[in-house]
Amino acid sequence: TGSTQPQRILKAVQNNATWGDAESVIATIDNYCRRKEWAMNVGDDKGPILDSVVSEVSPKVALELGTYCGYSTIRIARLLSPGSCLITLEFNPDCAIIARQIIAWAGLQDRVQLLEGPSKDLIPQMKESFRVKSFDFVFLDHWKEYYLPDTKLLEECGLLRKGTVLLADNVICPGTPKYLEYVRNSPRYESCYFKSHLEYTKVEDGLEKSVFLG
Ligand SMILES: COCc1ccccc1-c1cc(O)c2[nH]cnc(=O)c2c1
Ligand SMILES: [Mg+2]
């Protein structure tokens, strides 16, 4: 019985990154996934776009849908000011176990709350159980078919406020046509596309930034 990809990524981090140094964890994962085995991290081409949007918003309360190994969790959390927090949702327990260790290796566990379970079950609990009033920033990076239903659920649960920024990965590859159609045509969003590439490849992909207008 061999190892899983998340286990191999964790081992690369433990063998090459400096404990407590988020930048070295990011660089280690990018090097490993570019040279050894491709993995679905937002990566070092789309990553700086994510960084610039997070820095512009400087969210106090942020949400990530889809943790995987924690790569984008670390990219976001390393930019948060003290007292801010990032809630990240992961449905796969094997990924959650690895992500917790990678987030800890980066020294960011105090700003991150990783919740295990389906986003459709966890989102309605945000207000009561997790004392969230509303999110300032949401990064959508889980399963493309859930982008639209989860966005509507966030609206229905009153978790978006005037100015909340949604940033969606993979809107071209694998592609999220129903989500794109919604945010680009709804009068309740102002949307724009940041062209880039699928992580570690030359294939086109991009991020869609959508501001909720209330
Ligand atoms: C499992 O498919 C991997 C894959 C294969 C080919 C092209 C794209 C992707 C891909 C890339 C990503 O950044 C992703 N981000 C989040 N959830 C995904 O399922 C996902 C898939
Ligand atoms: Mg992705």
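Quantities reported herein were computed from a predicted structural model and do not represent experimental measurements. For the numbers below, each heavy atom of this structure counts, side chains included, while hydrogens, waters and symmetry mates do not. Whatever order the structure lists ligands and atoms in, that order sets their numbers, starting from 1.
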Exercise. Does W143 CH2 have over 12 foreign heavy atoms under 6.0 Å away?
Worked result: no

Exercise. Less than 6.0 Å separating the ring centroids of H142 and Y147?
Worked result: yes

Problem set entry | Side chains of F137 and L63 in contact at under 4.5 Å (non-hydrogen atoms) | no

Exercise. Could you state the interatomic distance from OG (S72) to CG (D169), rounded to the nearest 0.5 Å?
Worked result: 8.0 Å

Exercise. When you look at CD of E56, are more than 12 heavy atoms from neighbouring residues, nucleotides or ligands closer to it than 6.0 Å?
Worked result: yes

Exercise. Does atom NZ of K178 have more than 12 heavy-atom neighbours from other groups under 6.0 Å away?
Worked result: no

For this session: Apply salt bridge (Lys or Arg N to Asp or Glu O under 4.0 Å) to the pair R75 and D51, showing each step before the final yes or no.
Result: CA-CA 7 Å; R75 288 203 81 111; D51 293 354; 2.7 Å; yes

Show the distances, to 0.1 Å, for all pairs joining an N/O atom of ligand 1 and a protein N/O atom that are shorter than 3.5 Å, listing one pair per line.
{"from": "ligand 1", "atom 1": "13 (O)", "to": "D169", "atom 2": "OD2", "distance (Å)": "3.3"}
{"from": "ligand 1", "atom 1": "13 (O)", "to": "N170", "atom 2": "OD1", "distance (Å)": "3.1"}
{"from": "ligand 1", "atom 1": "13 (O)", "to": "N170", "atom 2": "ND2", "distance (Å)": "2.7"}
{"from": "ligand 1", "atom 1": "13 (O)", "to": "E199", "atom 2": "OE2", "distance (Å)": "2.5"}
{"from": "ligand 1", "atom 1": "15 (N)", "to": "D141", "atom 2": "OD1", "distance (Å)": "2.9"}
{"from": "ligand 1", "atom 1": "15 (N)", "to": "N170", "atom 2": "OD1", "distance (Å)": "2.9"}
{"from": "ligand 1", "atom 1": "17 (N)", "to": "H142", "atom 2": "O", "distance (Å)": "2.8"}

Problem set entry | Test log, rule salt bridge (Lys or Arg N to Asp or Glu O under 4.0 Å), inputs K195 and E208 | CA-CA 9 Å; K195 183 176 180 178; E208 186 83 1; over 6 Å; no

Problem set entry | Under-2.8 Å protein N/O/S neighbours of the Mg ion (ligand 2), ordered by chain then residue number | D141 OD1, D169 OD2, N170 OD1

Problem set entry | Distance-only donor-acceptor check, side chains Y68 and E90, under 3.5 Å | no

